[in-house]
Amino acid sequence: GGQFRSLCVTASGAKMSAVATKAPWAVVWDLELNTTERLVVDNGPVNAVAFSPVGGSLLIGTGTYPLDVRKRSEAQVQIWNRDENWTPVLTAALPGVCVDWLGWIESANCICAVTGRRTQNGGFVCFLDATTLRTLRIVDCAPSIVKACWTQDWPPAVAAVFDDFSVVHLDDREDSDARFAAAVPLNGACMDGDEIFTTSGQVLDAETGNMIEQFTPLDSCCYVAARPGGGYVGIATTGVLRVWEA
């Protein structure tokens with residue numbers, strides 16, 4: 001593979017890490033045995049991976065954005081289970097040509113996938129039953145391809161950064177979804193509960209986009225994450241790591 005993306009780690013159970021490669025395989029790294037295993041798929045490049053909450057299953061999202069109009073591509077999601085080895089058990093086709101992001105909502109036993117159109121000017125947020133891969137809800141809500149995503153455990157939802165910030169709920173009531181245009185860039189931001197922490201050090205309300213708090217910004221910050229126990233951690237393109245305490 002020529003490009004790693006969609007790094008994920010198990011939250012419980014066996015200590016493992018997985019990564020998409022933009023090649024026709026994902027790679028799983030057993031952190032306890034220090035071994036790796038290549039999971040080969042038959043539907044084009046692997047673009048996204050995500051472990052189940054207990055780590056016994058791995059989601060793999062495939063597809064590509066073809067430049068040649070004569071070439072066909074189909075976004076697919078696969079579930080692989082681990083016994084002695086990893087084995088594919090379920091596959092489902094999704095709207096669009098490429099799976100850009102995958103997530104798992106434990107409270108609803110639900111898989112979330114964000115896919116993009118061939119034209120790269122729109123996409124879909126898909127909710128699937130995690131046991132059967134039956135479609136629960138599909139929403140066409142994006143003016144561009146996805147830039148960042150997070151899951152919300154309750155009520156079950158996906159929060160996604162496209163050209164704006166959107167919260168799409170599993171519940172398909174007309175008034176359940178939300179969207180706002182952020183005043184600051186959300187690339188590299190993180191979502192923590194009902195708040196968003198940006199690379200510019202601002203804490204935003206995830207429903208309205210209004211600023212709640214301003215932390216001292218880190219110059220050239222490119223990525224931030226919520227810190228276990230409270231606060232945040234960020235990394236700059238210059239190699240500087242900073243921790244903000246809540």
J.: Keeping Thr21 on the side-chain end and Ala23 on the backbone end, is there a donor-acceptor pair under 3.5 Å?
T.: yes
J.: Hey, any chance Val54 and Val89 share a hydrophobic cluster, counting ILVMFWY side chains that come within less than 4.5 Å of each other, even indirectly?
T.: no
J.: For Gly56 versus Ser52, what's the shortest heavy-atom pair and its separation?
T.: N-OG, 3.3 Å
J.: State plainly whether one hydrophobic cluster holds both Ile105 and Leu128, where clusters connect Ile, Leu, Val, Met, Phe, Trp and Tyr through side-chain heavy atoms under 4.5 angstrom apart.
T.: no
J.: Under the ring-ring contact (aromatic ring centres under 6.0 Å, His included) rule, what pairs show up with a residue in residues 181-202, not counting sequence neighbours?
T.: Phe197-Phe215, Phe197-Tyr232, Phe197-Trp244
J.: Applying a strict under-4.5 Å side-chain criterion to I, L, V, M, F, W and Y, I'd like to know whether Trp25 and Trp29 cluster together.
T.: no
J.: With a 6.0 Å cut-off (strictly less than), is the heavy-atom count around CD of Gln120, excluding the residue itself, greater than 12?
T.: yes
J.: Please report the shortest heavy-atom distance between Ile79 and Ala130, naming the atom on each side.
T.: CD1-O, 3.5 Å
J.: What's the separation between atom CD in Glu74 and atom OG1 in Thr115, rounded to the nearest 0.5 Å?
T.: 11.0 Å
J.: Please give me the minimum heavy-atom distance between Tyr223 and Ala225, naming the atom from each residue.
T.: CE2-CB, 4.2 Å
J.: When you look at Leu7 and Arg5, which way does the side-chain contact (heavy atoms from CB on, under 4.5 Å) test go after all the steps?
T.: CA-CA 6 Å; Leu7 176 69; Arg5 58 181 298 177; over 6 Å; no
J.: When you measure from the side chain of Ser6 to the backbone N and O of Ala48, does any donor-acceptor pair fall under 3.5 Å?
T.: no
J.: What is the minimum heavy-atom distance between Gly116 and Asp100, and which atoms define it?
T.: N-OD2, 3.7 Å
J.: Within this structure, what is the SG-CH2 distance for the pair Cys112 and Trp104, rounded to the nearest 0.5 Å?
T.: 10.5 Å
J.: Got a sec, which pairs hit salt bridge (Lys or Arg N to Asp or Glu O under 4.0 Å) with one end in residues 187-202, sequence neighbours left out?
T.: none
J.: Is Val184 linked to Met211 within one hydrophobic cluster, defined over Ile, Leu, Val, Met, Phe, Trp and Tyr using a side-chain heavy-atom separation of less than 4.5 Å?
T.: yes
J.: Going by salt bridge (Lys or Arg N to Asp or Glu O under 4.0 Å), name the residues that satisfy it together with Asp68, two or more places apart in sequence or in a different chain.
T.: Arg70
J.: Is there a donor-acceptor contact under 3.5 Å from the side chain of Arg118 to the main chain of Tyr65?
T.: no
J.: Any chance you could pull the hydrophobic cluster mates of Val9, using side-chain heavy atoms under 4.5 angstrom and chaining through other members?
T.: none
J.: Please examine the side chains of Cys126 and Pro95, heavy atoms only from C-beta on, and report whether any two atoms are closer than 4.5 Å.
T.: yes
J.: Are the side chains of Gln78 and Asp42 in touch, meaning some heavy atoms are under 4.5 Å apart?
T.: yes
J.: Quick one: do Ile212 and Leu204 satisfy side-chain contact (heavy atoms from CB on, under 4.5 Å)? Show the steps, please.
T.: CA-CA 5 Å; Ile212 300 171; Leu204 308 180; over 6 Å; no
J.: Does a donor on one side chain and an acceptor on the other come within less than 3.5 Å for Asn43 and Thr62?
T.: yes
J.: Quick one: does Pro156's side chain get under 4.5 Å of Asp171's, heavy atoms only?
T.: no
J.: May I ask you to test the Leu241-Ile235 pair for a side-chain heavy-atom distance under 4.5 Å?
T.: yes
J.: Mind checking side-chain contact (heavy atoms from CB on, under 4.5 Å) for Pro217 and listing every partner two or more places apart, or none if nothing turns up?
T.: Gln214
J.: Begin with the C-alpha distance, continue with both residues' side-chain angles, and end with the deciding distance and a verdict on side-chain hydrogen bond (donor to acceptor under 3.5 Å, both in side chains) for Asn81 and Ser57.
T.: CA-CA 5 Å; Asn81 287 348; Ser57 298; 2.6 Å; yes
J.: What distance separates Met191 CE from Phe165 CZ, expressed to the nearest 0.5 Å?
T.: 4.5 Å
J.: Cluster question for you: counting only ILVMFWY and a side-chain heavy-atom cut-off of under 4.5 Å, with indirect links fine, are Val233 and Val224 together?
T.: no
J.: Taking all non-hydrogen atoms of both residues, which atom of Pro66 and which atom of Lys71 are closest, and how far apart?
T.: CG-O, 3.9 Å
J.: Keeping the roles fixed (side chain from Ser73, backbone from Val97), state whether a donor-acceptor pair exists under 3.5 Å.
T.: yes
J.: Does Phe180, at its CZ atom, have more than 12 non-hydrogen atoms belonging to other residues, nucleotides or ligands within less than 6.0 Å?
T.: yes
J.: Is the CD atom of Glu32 crowded by more than 12 outside heavy atoms at less than 6.0 Å?
T.: yes
J.: With a 4.0 Å cut-off, would you call Asp30 and Arg82 a salt bridge?
T.: yes
J.: Between Ser166 (side chain only) and Ala160 (backbone N and O only), is there a donor and an acceptor less than 3.5 Å apart?
T.: no
J.: Among Thr199, Asp164, Ile196, find the one that has a side-chain contact (heavy atoms from CB on, under 4.5 Å) with Leu186.
T.: Ile196
J.: Counting only heavy atoms not in Leu67, do more than 12 fall under 6.0 Å of its CG?
T.: no
J.: Who else is in the cluster with Val49 when I, L, V, M, F, W and Y are joined by side-chain contacts under 4.5 Å?
T.: Met16, Val28, Leu39, Val41, Val46, Phe51, Leu58, Ile60, Trp80, Trp86
J.: Let's go through Arg117 and Asp140 carefully: what are the C-alpha distance in whole Å and the side-chain angles of both, what is the deciding distance for side-chain contact (heavy atoms from CB on, under 4.5 Å) to 0.1 Å, and is it a yes or a no?
T.: CA-CA 10 Å; Arg117 289 193 180 94; Asp140 183 353; 2.3 Å; yes
J.: So does Ser200 get a backbone contact from the side chain of Thr198, meaning a donor-acceptor N/O pair under 3.5 Å?
T.: yes
J.: Return the minimal non-hydrogen interatomic distance between Leu102 and Ala113, and the atom names on each side.
T.: CD2-CB, 3.6 Å
J.: Between Val167 and Val158, is the side-chain contact (heavy atoms from CB on, under 4.5 Å) condition met? List the steps.
T.: CA-CA 6 Å; Val167 178; Val158 171; over 6 Å; no
J.: Examine distances only and state if a side-chain atom of Asp129 and a backbone atom of Cys110 form a donor-acceptor pair shorter than 3.5 Å.
T.: no
J.: Are the side chains of Ile138 and Phe127 in touch, meaning some heavy atoms are under 4.5 Å apart?
T.: no
J.: If we only count heavy atoms from C-beta on, is the Thr132 to Leu90 side-chain gap below 4.5 Å?
T.: no
J.: Please say which of Val99, Leu133, Val114, Thr135 ends up in a side-chain contact (heavy atoms from CB on, under 4.5 Å) with Leu94.
T.: Val99
J.: Checking the side chain of Glu106 only, and the main-chain atoms of Asn109 only, is there a donor and an acceptor separated by less than 3.5 Å?
T.: no
J.: Could you check if a side-chain atom of Leu59 sits within less than 4.5 angstrom of a side-chain atom of Ile111, using non-hydrogen atoms only?
T.: yes
J.: Mind checking whether Glu213 and Gln202 have side chains closer than 4.5 Å, heavy atoms only?
T.: no
